[in-house]
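Quick notes on the structure that follows.
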Amino acid sequence: MRHLLDTTDLSLEEIDEMISLANDIIENKEKYAHICSGKKLATLFFEPSTRTRLSFEAAMYELGGNVLGFSDAGSSSASKGESVEDTVTMVSCYADIIAMRHPLEGAPRVASFRSSVPIINAGDGGHSHPTQTLTDLFTVYREKGRFDNLTVGLCGDLKFGRTVHSLIKAMCRYNNVKFVLISPKELSVPDYIKTDVLEKSSSSYREVETMEEAMPELDILYMTRIQRERFFSEDEYLKHKDAFILDLSKLENAKEDLTIMHPLPRVNEIATEVDDDPRAKYFEQALNGKYIRMALIKTLLEWGGAL
């Protein structure tokens with residue numbers, strides 16, 4: 001039995017196989033429509049979620065399976081003080097696979113020690129969000145056809161954004177990937193990501209404070225929200241916020257085949273006028289999330305001998 005707690009739990013070959021499977025699911029939906037018949041996915045969301053939870057549910061239903069679980073810790077026995085270990089031990093008696101989101105970093109790993117079924121980390125604090133990273137990788141592959149030899153711009157809150165940290169860790173495993181880190185100094189990539197991930201893998205990176213200086217070289221632009229609450233003062237927030245709002249004027253010098261991504265939800269960091277630009281792929285990215293989660297569920301159940 002295998003769990004998915006971090007994207008690096010998967011080898012590059014396994015990621016390739018999962019991407020091939022997701023592509024086959026897109027092309028042959030009927031072939032997979034009943035493959036999880038009689039199987040149950042438990043969604044244990046101790047932290048609110050819309051896209052991730054619904055994406056998992058849609059994925060399992062389209063595989064012919066069923067879903068049980070909760071979307072709010074307040075509606076579970078956690079509100080009575082039940083431990084994560086006990087909750088997971090109990091739920092694994094009822095379900096064949098578990099997708100779990102928790103505000104505490106490492107909670108899914110703790111859960112995996114007690115679970116008798118595969119655990120999928122659906123986000124743990126600011127640490128990791130591996131299924132979003134698989135979604136991002138799948139989107140990159142569908143748009144670019146490769147992972148090597150790309151220049152990736154990451155823009156916005158790079159300090160607290162778990163999707164950014166996960167994507168850096170994943171893309172560092174490929175050849176000649178260059179990173180441009182676009183953020184205010186207050187929200188720059190944490191030092192441990194620079195030293196333990198970027199520098200350890202000998203990945204090329206540079207830090208800039210405006211989109212315009214990076215835009216002409218980018219193959220991928222990955223946007224995230226600048227969070228007002230992360231600044232010490234309103235003046236500091238107001239000074240920075242407009243520099244990190246993507247509009248059509250900032251795309252004037254971008255490549256014609258740039259891919260614009262965003263893990264969603266967005267607030268105002270991408271102007272709605274960009275939605276009609278053919279380079280905007282964030283809604284396709286959300287759809288890709290369903291298909292890669294279908295591939296992940298099928299794969300983990302097969303590895304565990306449940307299919």
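Quantities reported herein were computed from a predicted structural model and do not represent experimental measurements.
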To the nearest 0.5 Å, atom CG of Leu68 lies from atom CD of Glu57 at 10.0 Å

May I ask you to decide if the ring planes of Tyr282 and His262 are parallel, tilted or perpendicular, using 30° and 60° as cut-offs? perpendicular

Please check if Ile35 and Tyr61 belong to a single hydrophobic cluster, counting links between Ile, Leu, Val, Met, Phe, Trp and Tyr side chain heavy atoms closer than 4.5 Å. yes

Give a yes-or-no answer on whether the side chains of Asn176 and Asp148 include a donor-acceptor pair shorter than 3.5 Å. no

Looking at Asp86 and Arg114, is there a salt bridge between them, counting it only when a charged N and a carboxylate O are closer than 4.0 Å? yes

Could you tell me if Arg109 and Asn121 have a donor-acceptor pair between their side chains, going purely by distance under 3.5 Å? no

Donor-acceptor pair, Lys169 side chain versus Val197 backbone, under 3.5 Å? no

Nearest heavy-atom pair of Met18 and Ile292: which atoms, and what distance? O-CD1, 3.9 Å

Closest non-hydrogen atom pair, Leu307 against Cys36: CD1-SG, 4.3 Å

Taking a hydrophobic cluster as the set of Ile, Leu, Val, Met, Phe, Trp and Tyr residues connected by side-chain heavy atoms closer than 4.5 Å, whether directly or through intermediates, do Met1 and Ile120 fall within one such cluster? no

Considering only heavy atoms from C-beta outward, does the side chain of Tyr222 approach that of Thr163 to under 4.5 Å? yes

Could you pull out the closest heavy-atom pair between Ile98 and Ser115, with the gap in Å? CD1-OG, 4.2 Å

Under 4.5 Å between side-chain heavy atoms, hopping through other hydrophobics if needed: is there a path connecting Val208 to Leu258? yes

Of Val84, Thr87, Leu5, the one forming a side-chain contact (heavy atoms from CB on, under 4.5 Å) with Met100 is Val84

Does a side-chain N-to-carboxylate-O contact under 4.0 Å join Arg225 and Asp157? no

Transitive ILVMFWY side-chain link Tyr205 to Tyr174, under 4.5 Å: yes

Roughly how far, to the nearest 0.5 Å, is OG1 of Thr272 from CG of Asp247? 10.5 Å

Lys298 with Asp24: basic N within carboxylate O range, under 4.0 Å: no

By side-chain contact (heavy atoms from CB on, under 4.5 Å), Ser49 pairs with (sequence neighbours left out) Phe45, Thr52, Arg53, Arg101

Checking Phe283 against Asp275 for the side chain to side chain contact (heavy atoms under 4.5 Å, CB included) test, could you report, in this order, the C-alpha distance in whole Å, the side-chain angles of both residues, the deciding distance, and whether it holds? CA-CA 9 Å; Phe283 292 116; Asp275 294 355; 4.2 Å; yes

Apply the test side chain to side chain contact (heavy atoms under 4.5 Å, CB included) to residues Glu17 and Thr299: give CA-CA distance (whole Å), side-chain angles for both, the deciding distance (0.1 Å), then the verdict. CA-CA 9 Å; Glu17 290 169 6; Thr299 299; over 6 Å; no

Between Ala170 and Leu137 the two heavy atoms that sit nearest each other are CB-CD1, 4.1 Å

Verdict with reasoning, Leu248 to Leu251, per side chain to side chain contact (heavy atoms under 4.5 Å, CB included): CA-CA 5 Å; Leu248 291 177; Leu251 289 169; 4.2 Å; yes

Would you say Leu12 and Leu10 are hydrophobically clustered, going by side-chain heavy atoms of ILVMFWY under 4.5 Å? yes

Got a sec: does the NZ of Lys144 have more than 12 other heavy atoms crowding it under 6.0 Å? yes

Going through the checks in order, is the side chain to side chain donor-acceptor pair (under 3.5 Å) test met by Asn288 and Glu284? CA-CA 6 Å; Asn288 288 338; Glu284 287 92 334; over 6 Å; no

If you round to the nearest 0.5 Å, how far is CD1 of Ile182 from OG1 of Thr224? 10.0 Å

